[in-house]
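Written out below as structure tokens is the structure these notes cover.
Computation of the quantities below employed the complete heavy-atom set of this structure, encompassing side-chain atoms and omitting hydrogens, waters and symmetry-equivalent molecules. Whatever order the structure lists them in is the order used to number ligands and atoms, beginning at 1.
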Amino acid sequence: MSRVLSGIKPTGKLTLGNYLGSFRNFHNYQAENETFIFVADLHALTLPIEPDYLNSNIYDIIAYYLASGLDPEKTVLFKQSDIYEVSVLDTILINYIYMGELSRMIQYKEKVKELNNAKIGVGIFTYPVLMACDIFLYDSDIVPVGEDQRQHVELAHDIARRFNARYKGEYIKLPHTALPKAGKRIMNLVDPSRKMSKSDDSAISKGVIYLEDNEKTIRKKIMSAVTDSDTKVIYDPTNKPGISNLINIYCAFKNVEVSEVEKRFEGANYGTFKKAVADAVLEELIPFKEKFNTYRQNKALLDQIFKDGASKARKIADKVLDRIMKVVGLR
Ligand code: AQP
């Protein structure tokens, strides 16, 4: 039995990218593994965010988890900030990683570029260390994430190896990334050279499908997706990034291979294909959103789930932290 851990930061309204790249698949792990899924709320503070907005996003995410089929009886569902052990571990492990390594993180470099020399908090630089601590604290083996987070999990793996070598033992479990079969990197629909993100700025937010968008908006966004001057539904991410992105979305929802999509839509025009993509997305999202609404309205239930989850998570976190504190000489 493996330990599986993953989370999402409540920095904004969740997107189709978050859905396909991460939590849509989480429930598949819970039958045969020990699953730990959390809301990474401390990570959301790395960029300025309004308190009410952050708080509302936290509850959205737990309601989305439940709507996707995660069962609190089978999966430990919790909020990162409830686990104080993670901050202690972060303070320890930040000394086992080099500035150069953090500077090379793609996500850090992209955020710095976007912020365009605005004031950048230290937290955004050290973010991968806190993420590594989230992973280590539960002795996680598998970390299911989208492609953009793969580098951070690999860095966590390197930190664990270095720590174990330094203290000559298997004190930190080596984590491994698990990427979804389809949908590991969904691109923005108006600028398919960029990843679809919840914090995309307003200039390209028309290309972001938010899970809270209504049916009409989702359809409109897909029908207006930027494509190319060709007419063939063929997968070619370099020359046809827009159509290739839509093919990825279709594959993920319909659970089919790219070659099957090309065959199915041979001779069809882009309009016909886009309509089929929108139908596939909505067929799954409409009932999913109904479930979400039911959970979201029950704040007492969500609070209880957070409370129970924190108590289960802390029991394990406490043991792992104790082990690491002893190894380094703090206990
Ligand atoms: N476009 C995407 N395609 C596939 N997977 C994606 N993920 C994010 N965007 C896509 C996956 O969603 C999970 C949640 O990640 P996160 O909230 O920790 O932060 P992120 O990766 O930085 O996601 P965003 O939406 O881009 O957030 P912001 O805008 O705040 O930076 C991860 O598993 C991620 O891979």
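Between Leu70 and Leu77, the shortest heavy-atom contact is CD1-CD2, 4.0 Å. The nearest pair of heavy atoms linking Ser56 to Lys13 is OG-NZ, 3.5 Å.
A cation-pi arrangement is not found for Lys240 relative to Tyr235, the charged atom failing to lie both closer than 6.0 Å to the ring centre and inside a 45° cone about the ring normal.
Between the side chain of Asn33 and the main chain of Thr35, no donor-acceptor pair closer than 3.5 Å is present. Side chain of Asp139 to backbone of Ile172: no donor-acceptor contact under 3.5 angstrom is found.
On a distance-only criterion, Ser6 and ligand 1 share no N/O pair closer than 3.5 Å. For the pair Gly183 and ligand 1, the shortest N or O to N or O distance does not fall below 3.5 Å. Polar contact check, Gly146 against ligand 1: a nitrogen or oxygen pair lies under 3.5 Å apart. Between Gly17 and ligand 1, an N or O atom pair is found at a separation short of 3.5 Å. In terms of polar-atom proximity, defined here as any N/O pair under 3.5 Å, Thr15 makes no such contact with ligand 1.
Between Phe288 and Tyr64, a ring centre-to-centre spacing shorter than 6.0 Å is recorded.
Note on ligand 1: Asp148 sits in its first shell, one or more heavy atoms being nearer than 4.0 Å. Residue contacts with ligand 1 do not include His43, since none of its heavy atoms lies under 4.0 Å from the ligand. Not a single heavy atom of Gly12 sits under 4.0 Å from any atom of ligand 1.
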Would you sort out whether Tyr138 and Val320 count as a side chain to side chain contact (heavy atoms under 4.5 Å, CB included), showing the intermediate values? CA-CA 7 Å; Tyr138 309 96; Val320 177; over 6 Å; no
Decide salt bridge (Lys or Arg N to Asp or Glu O under 4.0 Å) for Lys275 and Asp279; before the verdict, give the C-alpha distance in whole Å, the side-chain angles of both, and the deciding distance to 0.1 Å. CA-CA 6 Å; Lys275 185 178 172 303; Asp279 289 345; 3.0 Å; yes
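Closest protein heavy atom to atom 28 (P) of ligand 1: Ser199 OG, 3.3 Å. Of the protein's heavy atoms, Gln149 CG, 3.8 Å lies nearest to atom 32 (C) of ligand 1. Nearest protein neighbour of atom 19 (O) of ligand 1, counting heavy atoms only, is Lys9 NZ, 3.3 Å. For atom 30 (O) of ligand 1, the nearest non-hydrogen atom of the protein is Thr11 OG1, 2.6 Å.
Contact of the Ile159 side chain with the Glu101 side chain is not registered, since no non-hydrogen atoms from C-beta on lie closer than 4.5 Å. Using a 4.5 Å heavy-atom threshold, the side chains of Tyr210 and Ser205 count as touching. In this structure, the side chains of Phe292 and Leu66 stay at 4.5 Å or more apart for every pair of heavy atoms.
Near Lys184, meaning under 4.0 Å from any of its heavy atoms, are these atoms of ligand 1: 3 (N), 4 (C), 5 (N). Counting the atoms of ligand 1 from 1 in the order shown, those under 4.0 Å from a heavy atom of Ile8 are 14 (C), 17 (O). Atom numbering of ligand 1 starts at 1 in the shown order; those under 4.0 Å from a heavy atom of Ser22 are 12 (O), 13 (C), 33 (O).
Counting only non-hydrogen atoms, the option in His152, Gln107, Lys111, Lys198 that gets closest to atom 31 (O) of ligand 1 is Lys111. Residue Lys195 holds the heavy atom nearest to atom 23 (O) of ligand 1 of all those in Lys195, Arg150, Met131. Across the listed options Asp200, Asn18, Ile186, Asn18 owns the non-hydrogen atom lying nearest to atom 14 (C) of ligand 1.
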